[in-house]
Amino acid sequence: MAYSKQLIKHYEKPNNVGNFGTTAEVKERADIGVGVVGAPECGDVMQLQIKVDQSTGKIEDAKFKCFGCGSAIASSSVATEWIKGKTLDEAMEIKNTDIVEELALPPVKIHCSVLAEDSIKAAIKDYQKKNT
Amino acid sequence: MGLTLPVYLDNAATTRVDPRVVEAMLPCFTEIYGNPGSRNHSFGWDAEAAVNAARAQAAQLIGAQPKEIIFTSGATEGNNLALKGAAEMYAKKPAGETSRGHIITAQHEHKAVLDPAKRLQKMGFDVTFLEPPADGVITAEAVKGAMREDTILVSIMWANNEIGSINEVPKIGAVCHDRNVIFHTDATQWVGKMPTDVNRDNIDLLTWSGHKIYGPKGVGAMYLRRRKPRVRVVAQIEGGGQERGYRSQTLNVPGVVGFGKACELCSLEMDSERDRLLALRTKLEKSLSASIDHVQVNGHAEKRLPNIMNMSFGFVEGEGLMMAIKDVAVSSGSACTSASLEPSYVLKSLGVGDDLAHSSLRISLGRFTTEAEIDFAIEKITWAVHHLRTLSPLWDMHNEGIDINSINWQSH
Ligand SMILES: Cc1ncc(COP(=O)(O)O)c(C=O)c1O
């Protein structure tokens, strides 16, 4: 199975790797939402953190960490890139199929894109929960 | 040091054909092209002579008589013939009935044994799938303990293809012979690398394959004991009655000749090769264990083939790891490498957690592996594991002192 150029680019040089602090630190911060999806037993875990500009309501920065295959890592990289600068509502609109298309994911790797979409939604929900 | 990329370290999956094997095969396409079954002209006789020579070479590798060798299309067919053929021959009751006889095999066998065994279950046989211990070694005690009054067949592989662990084959054979139970071993990963003597090792049926021993794909053999006791199987491929009726089809002469040559080369070079591979694998294993923490070797530490290493690298996923070492070709027990999302059933059966199964690589060395290639692999893997850990949320959690097993993961 040969991978697309886009996928390899995102895998070899992923964007936005990192976090805004340790698990304990980010928990305390109202401007940060964290989404962790997947499970080690399933072979992929994605952690996505969003930093929201509380005056504009836009995602000003995003960071990810991923335990998973190349497609999972590339999907996380794309997801973080796409949500930066978007409002929460706009970010909620991102569909896994968009990521499938962007990276030309083969059918066995579609679950990686689903995970990326889920991680965006989970991070937004976490942010909203902190700010209600 | 003359390193050509990519480096091939997946010799348990298949091997490069030895050039000496290719050379032996070539005349069979254009000169010795007769049908070995043609009894009335020199083309047939020449082909028959070539096949007979190959039969002798195959027999010699395992200490058998040439008449005890049945050529097949590989180990998958051989295993199907051994299991289904022996079950049908030694069934206690005719087709259509239940309790037709008891068969013992193990959970970490190759699918080419497991699936025929499951088929036999549907055909009225009782099958015990022994659960291996953590080191993967099936003992004679375990087989003995599973024996029943109506046991007719035991099928235990000699060495496992994913972890290289070696089962107690000569002893298991002795247990079977004590009770007049037929003993089959899938020796695909063993034969050609380790000394084999079907008489000393108490074997009735043994199957192996050309492409794991530097021969061509699509050809293999089954050993069928002729004396003490005389063992028989019911043919599964019927037709022209070749191979004494046990396996019909015009023989694949080039394949068979290549297989024979591959067997001969293994007979000659096995001893020195074994030491060389063991030294290389030891270097690989020691170096990786020294330069990377949180690694674990899967399978038995010593009772293991010299050319296979299966290692789990904690907090890193296997397929991502394979992609990161793209100039080194290996296998992984990670689900992501196959269409199913389940990780390796072999590692699972040993009790390796799903997370560590997803983190495993199988690295298998072969005749053409050089020390420079091993050094390159060590360097690449070490770099890749450290790199991927910087990306891994599990690595962060581990370093923050969070117990990964305590998290309530939302599986998908
Ligand atoms: C232990 C074992 N049995 C059977 C097989 C199947 O062999 P073949 O590819 O010749 O059918 C293999 C190789 O994949 C193997 O490793």
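Lettering of chains follows the sequences in order, A, B, ..., and the numbering in each one begins at 1.
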Review point. What pair of heavy atoms forms the shortest contact from A:Gly43 to B:Glu317, and how long is it?
Key: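 A:Gly43 and B:Glu317 have their closest heavy atoms at O-CG, 3.1 Å.
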Review point. If you look at every heavy atom in A:Gly38 and B:Trp409, which pair is closest and at what distance?
Key: O-CE3, 3.4 Å
So, [X] side chain and [Y] main chain: donor-acceptor pair closer than 3.5 Å or not?
X: A:Lys65; Y: B:Arg389; value: no
X: A:Tyr11; Y: B:Ala324; value: yes
X: B:His358; Y: A:Glu41; value: yes

Is it true that atom [atom1] of [X] has more than 12 heavy atoms of other residues, nucleotides or ligands lying nearer than 6.0 Å?
X: B:Lys217; atom1: NZ; result: yes
X: A:Glu101; atom1: CD; result: no
X: A:Lys27; atom1: NZ; result: no
X: A:Lys125; atom1: NZ; result: no

Study note, to complete from the structure: Highest number of heavy-atom pairs under 4.5 Å with chain A among B:Leu321, B:Thr390, B:Ile404, B:Ile402 belongs to B:Thr390
Check your understanding: Any side-chain donor paired with an acceptor under 3.5 Å for B:Glu400 and A:Thr22?
Key ->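 The answer is no; no qualifying pair exists.
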Tell me, for [X] versus chain B, whether the close heavy atoms (under 4.5 Å) come from the side chain, the backbone, both or neither.
X: A:Val45; answer: both
X: A:Val36; answer: both
X: A:Pro107; answer: neither

**Study point:** Validation row: A:Pro14, B:Leu391 side chains within 4.5 angstrom (heavy atoms)
**Key:** yes
Proximity breakdown for [X] and chain A, heavy-atom pairs closer than 4.5 Å:
X: B:Ser359; answer: side chain
X: B:Ile407; answer: neither
X: B:Leu356; answer: neither

Check your understanding: Taking A:Ser76, A:Ala72, A:Gly70, A:Gly68 one by one, which has the highest count of heavy-atom pairs under 4.5 Å against chain B?
Key ->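 Max contact count across the listed options: A:Gly68.
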Exercise for review: To the nearest 0.5 angstrom, please state how far the CE atom of B:Met323 sits from the OG atom of A:Ser71.
Suggested key: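 It is 6.5 Å, given to the nearest 0.5 Å.
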Review point. Say you draw a straight line from NE2 of B:His387 to CD of A:Glu12; how long is it, rounded to the nearest 0.5 Å?
Key: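 Reported to 0.5 Å precision, the distance equals 8.5 Å.
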Exercise for review: Evaluate side chain to side chain contact (heavy atoms under 4.5 Å, CB included) for B:Leu388 paired with A:Ile73, printing each intermediate quantity in order.
Suggested key: CA-CA 10 Å; B:Leu388 290 173; A:Ile73 290 170; 4.0 Å; yes
